[in-house]
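Order of listing sets the numbers, starting from 1, for every ligand and every atom in it.
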Amino acid sequence: MKILCIGRNYAEHARELNNPVPAKPVVFLKPPTALLVNGKPLYYPGFTNDLHYELEVVLKVAKNGRHVQPEFASGYYNEIALGIDFTARDLQQECKEKGQPWEIAKAFDGSAVLGPFVPLDAVDAGAIEFELRKNGQVVQRGNTRDMIFSFEDIIVYVSRFFKLQMGDLIFTGTPAGVGPVQIGDKLDGYLYTRTEVMHLLSCEVK
Ligand code: MG
């Protein structure tokens, strides 16, 4: 199982970090050891002083495929979840400035919180609304209709480089509103389905 992640997929978020809005998806990976089970705490890592949350919609890959063509892309996922792409923003900034890879800032142990999956037909797939609350306050609210690259675009693009395998996860990017966490903060992710607001994710920073 691999974890594929898309960066800068919401224009407003790209701008808040002074990044250009990308012409092609920005792709990076996290190893399976990055996964943090929903409800488990994240222990604030000693190598950063600026740990940020990024709430994202996560796709679960439903079948194997390479070089997926656009007309078939929607057949490659049928469940979604919410996840947090934890980021050591200070290390990431350092890596960016030096033109170095990002893994130490993005792919460390516990950097990928993952909630339970819900079937795609529970939501309006083109306009999934989701939000993150920090200590009860809404800090991020996103809608997948604002993505620069749609789920289908992402499947087509990443499968040119990486064979998709059933069970792979794809973090599809974060909307604006990212910010730091401190020890003691509680993060909760909510997904708006057709019929209810589901509390799908929770993580405390310890
Ligand atoms: Mg992210």
Near the Mg ion (ligand 1), meaning under 2.8 Å, the protein N/O/S atoms are Glu54 OE1, Glu56 OE2, Asp85 OD2

Less than 4.0 Å between a side-chain N and a carboxylate O, is that true for Lys30 and Asp85? yes

Taking side-chain contact (heavy atoms from CB on, under 4.5 Å) as the criterion, tell me which of Leu42, Asp185, Thr87 meets it with Leu51. Leu42

Residues passing the salt bridge (Lys or Arg N to Asp or Glu O under 4.0 Å) test with Glu131, sequence neighbours excluded, are Arg133, Arg141

Parallel, tilted or perpendicular: which one describes the rings of His199 and Tyr190, with boundaries at 30° and 60°? parallel

Could I get the full list of salt bridge (Lys or Arg N to Asp or Glu O under 4.0 Å) partners for Lys24, not counting sequence neighbours? none

Could you pull out all residues at least two apart from Glu16 that satisfy salt bridge (Lys or Arg N to Asp or Glu O under 4.0 Å)? none

